Q: 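Okay, handing you the structure first.
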Amino acid sequence: MFKNFNLFTKVNLLIVAMLLPILLLYIYSNRVGTDVVENEISKSSKSQLIYFQSQLDANINRLSLFPNLLVEDPDVLRQQNEFLKSDILDLDAITVIKQIQYKLGILSNSTNWRNQLYVYSPSVKKVISTDPAATYQTYNETVLKSRLKPGWSVRKSTEENSQFDFHWYSVTPFSANNDPQKAKLIIEVQFSDDNIKDMLDEFKQGGGHDPFYYKKGYNPVYNRSGNGEVIHGLIQQLKKEKMSGSSQRVLEYKHQKFLVNAVKSENMPWYLVDYVPLEQIFEPINRSNYLFYLSMVVLLLMSSIAAYLLYNQVQVPINHFISGFRRLKNEDYSVRMEHKGTAEFGYLFQQFNLMAARLEELIERVYVEKLRIREAKLKQLQSQINPHFFYNCFSFISSMAKLNDTKAVVAMSQSLSKYYRYTTRQEKSLVPLEEEVQFVTNYLGIQKMRMKRLNYTIDLPSYMRKTEIPPLTLQPLVENAVIHGIEPVFEAGSIHIKGEQQDGYLMLIVDDDGKGMGEKEIHELQEQLSQPMDEEMGCGLWNVHQRLTLHYGENAGITIASSPLGGLRVSIKWKPHKMDIKYRGNE
């Protein structure tokens, strides 16, 4: 199938076949590179989250150690003495409180996280804090009891710029964990989410992405420049996901995909979540892909233009040459070609035109010479049949003279004079069929005088009468039927001549009821008509067949078969040339 394509199509297919492996290899390598980049970015983001989370956990752990340091402090233990139960504080009591506040301040300032420390004394229902406004105030035991929970807990912040406050309670002894009445000492550590926001701001400024702190059921904590809309949109997706430990997933929000990594805190049931738009990750790769695909399109376009130029400058002239040679093959020697292009094909076209002109001239010479030879051969064949007919006629006159049949001699003599006049006045190679039939009628009339048993019929359509045929075409067939068919058989005596038209051919059929021939003899005689004439073969039928073949082509000529009358059927058929047709329709 590929060989049936023209040059332009073949070149384009070849270019596509060359570019396709490159494209597939690039797509494959790009896919592998994209996966590697995605994995590396995911690992990097996860590593940053783990490191950031470790810093958060370190600060939280540092805060959670404060109660352990205060529990064994002697001043904190002294504030539980009975002398502090009095509402009126003496100098020693004030000194103890100041010492505790001082130590709480030192611990609070030992970390860069802003925090508050509270020391509750259940024995006197008083609290000492780093907050001067809350120092040595009576606390609500019921409220305190409701807040006592193991680990870090979260409450809504009372500060204006904070969302949450994180609290850690340490109770001594441990058995009184949830009951302030049984406890001897309760220490509280508190910090707000502003500390986490500060760290998130630093993380973002240091080249991080846009992480946020998240726990199911709570609003997220994110840096002060974070995109709250996107974060809340991703949280809606995270609520549908099952989260545990470290995880990675791709979430979609507003037709944009995000690579989301989450790391769980070791101290609190909160997740540090970071998200990166995949479009941002793959932007350089997409730009590179765009440039590559654009270059592939440009290369394909330039290759197609080059293929078109090659097709126009080479294939089109070659097609013109092929068309010209086909016309020459179909004997159209007037073909000439014009070409506006390269000098090489222009020279070839010029030489082709010179060759075609020379060939046309030679063909015309050969054709004229062939016509002359053909005309001479036709005249020669026609001249061969005249002596044969004369010989038969003179033989008949001689026989009739011996029989003293003067009427037959006179009739034959008159027929000979008509024949001589008919043949000698012919200046053309074709005569009307009605004249040929009239001549055959005269001949049969003479033969009927010789053989009384001879009967004949002539059925010729009117539209065939004006048709022109070579002279002495029908007479040899009739003569052959009389001499070789009817005359040897005493019971025979019928000849039927008819004309008809079949498949565009005109036909004259001569039937007799004479001797006839076997199938083998008919086949041999039919083959001899197309062979050169030998001494044993009569010249009548052979001459007619050769003349018709030369004038009308190989499909014309004589056909021999058995006749329905019992003898032999000899038919001639021909397709008249347009110049030979002298009739119209079925007049």
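The model shown is predicted, which means the values in this text are computed figures rather than measured ones. Note that these values count all heavy atoms, side chains included, but never hydrogens, waters or copies made by symmetry.
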Q: Is the distance between the ring centroids of F258 and Y253 under 6.0 Å?
A: no
Q: For E188, is there an ion pair with R147 - N to carboxylate O distance below 4.0 angstrom?
A: no
Q: Within this structure, what is the CZ-CG distance for the pair R62 and N112, rounded to the nearest 0.5 Å?
A: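 Here the interatomic distance stands at 7.5 Å.
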Q: For the atom pair CG (L104) and CG (L69), what is the distance rounded to the nearest 0.5 Å?
A: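 Going from CG on L104 over to CG on L69, the span is 11.0 Å.
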Q: Rounded to the nearest 0.5 Å, what's the gap from CG on L300 to OG on S295? Could you check?
A: 11.0 Å
Q: Is there a side-chain contact between K573 and L506, using heavy atoms and a 4.5 Å cut-off?
A: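 No. Closest side-chain heavy atoms not under 4.5 Å.
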Q: Considering non-hydrogen atoms only, spot the tightest contact between G105 and T130 and give its length.
A: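 What the structure gives for the nearest pair is N-CG2, 4.0 Å.
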Q: Minimum heavy-atom separation for K216 to K239, with atom names?
A: NZ-O, 3.8 Å
Q: Indicate yes or no: does K156 engage D165 in a salt bridge with an N to O separation below 4.0 Å.
A: no
Q: Do Y51 and Q55 have a side chain donor and acceptor closer than 3.5 Å?
A: yes
Q: Roughly how far, to the nearest 0.5 Å, is CD of Q163 from CG of D194?
A: 9.5 Å
Q: Are a donor atom and an acceptor atom from the side chains of S108 and N115 found within less than 3.5 Å of each other?
A: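 Result is yes, a qualifying pair exists.
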Q: Are D57 and S265 linked by a side-chain donor-acceptor pair shorter than 3.5 Å?
A: yes
Q: Show your working on side-chain contact (heavy atoms from CB on, under 4.5 Å) between E229 and K254 and close with a plain yes or no.
A: CA-CA 11 Å; E229 180 184 358; K254 287 189 176 180; 2.3 Å; yes
Q: Roughly how far, to the nearest 0.5 Å, is the CZ atom of R327 from the CZ atom of R336?
A: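 One finds 9.5 Å between CZ of R336 and CZ of R327.
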Q: Mind checking the CD1-CG spacing from I60 to L65? Nearest 0.5 Å is all I need.
A: 12.0 Å
Q: Anything under 30° is parallel, anything over 60° is perpendicular, the rest tilted; go ahead and classify Y275 against F212.
A: tilted
Q: Is a donor from one side chain sitting under 3.5 angstrom from an acceptor on the other, for R249 and S247?
A: yes
Q: Set out, in order, the CA-CA distance, both residues' side-chain angles and the distance that settles side chain to side chain donor-acceptor pair (under 3.5 Å) for E141 and Y120, then state yes or no.
A: CA-CA 10 Å; E141 187 176 8; Y120 297 93; over 6 Å; no
Q: Classify the angle between the aromatic ring planes of F52 and F203 as parallel (below 30°), tilted (30 to 60°) or perpendicular (above 60°).
A: tilted
Q: For the rings on F166 and W270, is their centre-to-centre separation under 6.0 Å?
A: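 Yes, the ring centres sit under 6.0 Å apart.
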Q: Just to verify, which of Y118, Y169, W168 counts as forming a side chain to side chain contact (heavy atoms under 4.5 Å, CB included) with Q190?
A: Y118
Q: If I compare all heavy atoms of V189 with all of L63, which pair ends up nearest, and what's the gap?
A: CG2-O, 3.5 Å
Q: Take F66 and S170 through the test side-chain contact (heavy atoms from CB on, under 4.5 Å) and record every step on the way to the result.
A: CA-CA 9 Å; F66 289 174; S170 179; over 6 Å; no
Q: Which heavy atom in T142 sits nearest to a heavy atom in N140, and how many Å separate them?
A: N-OD1, 3.0 Å
Q: Go through it in stages, so that I can follow the logic: the residues are L200 and K204, the test is side-chain contact (heavy atoms from CB on, under 4.5 Å), and I'd like the CA-CA distance, side-chain angles, deciding distance and then a yes or no.
A: CA-CA 6 Å; L200 291 175; K204 185 174 183 179; over 6 Å; no
Q: Using a strict 4.0 Å threshold on nitrogen-to-oxygen distance, state whether R224 and D201 make a salt bridge.
A: yes
